[in-house]
Amino acid sequence: LMTWNIAVSTAAKVNGIAAALELYNDMIANNVRPDVVTYSTLIAACRQSKQWQKALHLLGEMERRCVAPNVVTYTSLMACCQEAGQWQEAMQIFRRMEAAGVEADVAACNSLMSACSHSLEWEKAWAVFTGMQRLGVTPNTRSYNILIRACERCGEWQRALELFRRMQRVAQQPASVVQPNTITYNILISACAKSGRWEEAEALYRDMRSEGIMPDEFTLSSLLSACERSGICTQGMELFEEMQALGVQPNRVCYNCLLNALASSGKWQDALTVFDKMRRSRDLSPDVVSYSALISACERGGEWQRALDLFEQMQAEGLQPSAKIFAVVINACEKGGKWKTAVELFRFMQACDIELE
RNA sequence: GUAGCCUAUAGUGA
């Protein structure tokens, strides 16, 4: 049975829920009785493919086969309720769990809070957090992360910061299971990035470093995104180097963020350098976003010929120019007085069935 | 030795 369960789990991870369900059917055909682990694995896999209905169906099947769900099953089920507005379903599952006499643990509470967070119900998430004490459950790092994220999502920034401070205080207590981590800081930094608060983002990053918490690709891309929105790029370049020295391997998103920051500062030469480095030193192939940023940078610098060359180059690489890229290239040609080319591009765009906003 | 929670609207044109 355990061998089957391992196979189901592996199939779900590698080939998705459909493959896992096939194995499940094979189990039954071979007269192997699936247990609670089998079902929990399958239900957890439904989350990946956002198959909330399938998860519920599996719960029904469990009951039909007289397999009792445990706390892991319910937690996985609640984790399937992260589509907007499904917090009430998650609440129902939680109550059902309690009614079945299954005790909630910290993961179950976290899963419920997370469902509330995705439904933009920070007050509900908060109520769950408060209720944990009553259930004899101690909030952990993830609990705080979820609640901070819930507040941040709902625009309750002050509350998010207060929670963060509380988290830091709780972390000081002996044998505390709470410790701000990379994700905690990433949530806060990306919130700052979204509203272009570079200084605050940078300050958080410095705190993070002084606490000895390692940044990752998300930290870097969030900070670079903050740079872009604040029209700063030299500090972004520095951060890019600094993080590599710390062992962060910038991925494509990081490069794209840096390219965007350079583009919005009009640094097309630097953007070209970064673009080449992305290819050569990291072996990352540029995507439509990369080209979009680079072409914008050239357009802003009046480099219409270069913009056109890049436009051709991306197509030679099999990339389909987006509406934004067409707009930028056409604009570049107009600025360069290349009316004829601009008109040709416009026709080509229409032939590609792309419309401008 | 097998299953669950922060992980994806935590990060780029979107």
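Labels below follow one simple rule: chain letters A, B, ... track the order of the sequence lines, proteins then strands, and each chain is numbered from 1.
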Sticking with atom C1', work out how far B:rG4 lies from B:rU9, rounded to a whole angstrom.
-> 23 Å
List in chain and number order the residues that pass salt bridge (Lys or Arg N to Asp or Glu O under 4.0 Å) with A:Arg279, two or more places apart in sequence or in another chain; answer none if no residue qualifies.
-> A:Glu317
Which part of the nucleic acid, if any, lies within reach of A:Val8 when heavy atoms closer than 4.0 Å are counted: base, sugar-phosphate only, or nothing?
-> nothing
Determine yes or no for a side-chain-to-main-chain donor-acceptor pair under 3.5 angstrom, with A:Asn30 supplying the side chain and A:Val32 the backbone.
-> no
With a non-hydrogen cut-off below 4.0 angstrom, is A:Asn251 in contact with a base, only sugar-phosphate, or nothing?
-> base
Atom-pair distance (CZ on A:Phe164; P on B:rC6), nearest Å = 20 Å
Under 4.0 Å between a side-chain N or O of A:Arg229 and OP1 or OP2 of B:rG13?
-> yes
Pairing residues for A:Arg300 by the salt bridge (Lys or Arg N to Asp or Glu O under 4.0 Å) criterion, not counting sequence neighbours | none
Taking RNA chain B as the partner, which of residues 151-158 of chain A come within under 4.0 angstrom of it by heavy atom?
-> A:Arg153
Salt bridge (Lys or Arg N to Asp or Glu O under 4.0 Å) partners for A:Arg95, two or more places apart | none
Going by heavy atoms closer than 4.0 Å, what residues in residues 63-76 of chain A are next to RNA chain B?
-> A:Asn70, A:Val71, A:Val72, A:Thr75, A:Ser76
Considering only B:rG4, B:rU7, B:rU12, which nucleotide approaches the side chain of A:Glu228 most closely?
-> B:rU12
For A:Ser40, all residues meeting side chain to side chain donor-acceptor pair (under 3.5 Å), sequence neighbours excluded = A:Thr73
Taking the same atom, C1', in B:rA10 and in B:rC6, what whole-Å distance lies between them?
-> 10 Å
How is the base pairing of RNA chain B summarised as a dot-bracket string, given the Watson-Crick and G-U wobble criteria with both distances under 3.5 Å, [ ] for crossing and | for another strand?
-> ..............
Hey, can you pull the residues of residues 189-196 of chain A with a non-hydrogen atom under 4.0 angstrom from RNA chain B?
-> A:Ser190, A:Lys194
List for me each residue that meets side chain to side chain donor-acceptor pair (under 3.5 Å) alongside A:Ser290, sequence neighbours excluded, and say none if there are none.
-> A:Asn256, A:Asp287
Contacts to RNA chain B from residues 21-29 of chain A, heavy-atom cutoff under 4.0 Å, which residues?
-> none
Consider only side-chain N and O atoms of A:Asp309 and A:Gln313, and report whether a donor and an acceptor are under 3.5 Å apart.
-> no
Nearest-neighbour nucleotide for the A:Asn5 side chain, B:rC5, B:rC6, B:rU2 considered = B:rU2
With a centroid cutoff of 5.5 Å and a plane-angle limit of 30°, would you call A:Phe218 stacked on B:rA10?
-> yes
Would you find more than 12 non-hydrogen atoms of other residues, nucleotides or ligands less than 6.0 Å from A:Glu199 atom CD?
-> no
Looking only at atom C1', what distance separates B:rU7 and B:rG11, rounded to whole Å?
-> 12 Å
Which is true for A:Ser221 with a 4.0 Å heavy-atom rule: it touches a base, it touches only sugar-phosphate, or it touches nothing?
-> base
How close or far is atom C1' of B:rU2 from atom CE of A:Met2, stated in whole angstroms?
-> 6 Å
Answer with base, sugar-phosphate or nothing: what part of the nucleic acid does A:Ser114 contact at a heavy-atom distance below 4.0 Å?
-> sugar-phosphate
For A:Ile146, which contact category applies under a 4.0 Å heavy-atom criterion: base, sugar-phosphate, or nothing?
-> sugar-phosphate
Nearest to the side chain of A:Ser40 - B:rU9, B:rG13, B:rA3?
-> B:rA3
A:Arg252 (side chain) donor-acceptor with A:Pro286 (main chain) under 3.5 angstrom = no
Heavy-atom pair with the smallest gap, counting every atom of A:Thr75 and A:Ala107 = CG2-O, 3.6 Å
Just checking A:Ala44: base, sugar-phosphate only, or nothing, at a heavy-atom cut-off of under 4.0 Å?
-> sugar-phosphate
Consider the side chain of A:Ser322, meaning its heavy atoms from C-beta on, and name the nucleotide among B:rU2, B:rG13, B:rG4 that approaches it most closely.
-> B:rG13
Round to the nearest Å and state the distance from A:Ile148 atom CD1 to B:rU7 atom P.
-> 12 Å
Phosphate-side-chain proximity, A:Gln82 and B:rU7, N/O vs OP1/OP2 below 4.0 Å = no
Rounded interatomic separation in angstrom, taking NZ from A:Lys13 and P from B:rA3 = 5 Å
No-hydrogen, no-angle side-chain donor-acceptor test under 3.5 Å, A:Lys13 and A:Ser9 = yes
Return the orientation label for the A:Phe129 and A:Trp126 ring planes: parallel under 30°, perpendicular over 60°, tilted otherwise.
-> tilted
A:Glu241/A:Lys277 ion pair, N-O < 4.0 Å | yes
When rounded to whole Å, the CE to C1' distance for the pair A:Met314 and B:rG13 reads 11 Å
When rounded to whole Å, the CG to C1' distance for the pair A:Asp216 and B:rC6 reads 13 Å
Between A:Tyr205 (OH) and B:rG11 (C1'), how many Å, whole number?
-> 15 Å
B:rU7, B:rU12, B:rA3: which one has an atom nearest the side-chain heavy atoms of A:Ser225?
-> B:rU12
Please step through salt bridge (Lys or Arg N to Asp or Glu O under 4.0 Å) for the pair A:Lys124 and A:Glu121, ending with a clear verdict.
-> CA-CA 5 Å; A:Lys124 301 293 175 202; A:Glu121 296 281 351; 5.5 Å; no
By the rule that ILVMFWY residues connect when side-chain heavy atoms come within less than 4.5 angstrom, directly or transitively, which residues belong alongside A:Ile6?
-> A:Met2
Just checking, is any N or O donor in the side chain of A:Gln82 or A:Trp87 under 3.5 Å from an acceptor N or O on the other one?
-> no
Base, sugar-phosphate alone, or nothing: which one does A:Asp105 contact when heavy atoms must sit under 4.0 Å apart?
-> base
Polar contact flag, side-chain donor to acceptor under 3.5 angstrom, A:Asp276-A:Thr273 = no
What's the CG-P distance between A:Leu224 and B:rU12, to the nearest Å?
-> 11 Å
What distance separates A:Phe346 CZ from A:Ile330 CD1, expressed to the nearest 0.5 Å?
-> 6.5 Å
Looking at B:rU9, B:rC5, B:rU12, which one has an atom nearest to any side-chain atom of A:Arg149?
-> B:rU9
Using salt bridge (Lys or Arg N to Asp or Glu O under 4.0 Å) as the criterion, list what pairs up with A:Arg96, not counting sequence neighbours.
-> A:Glu63
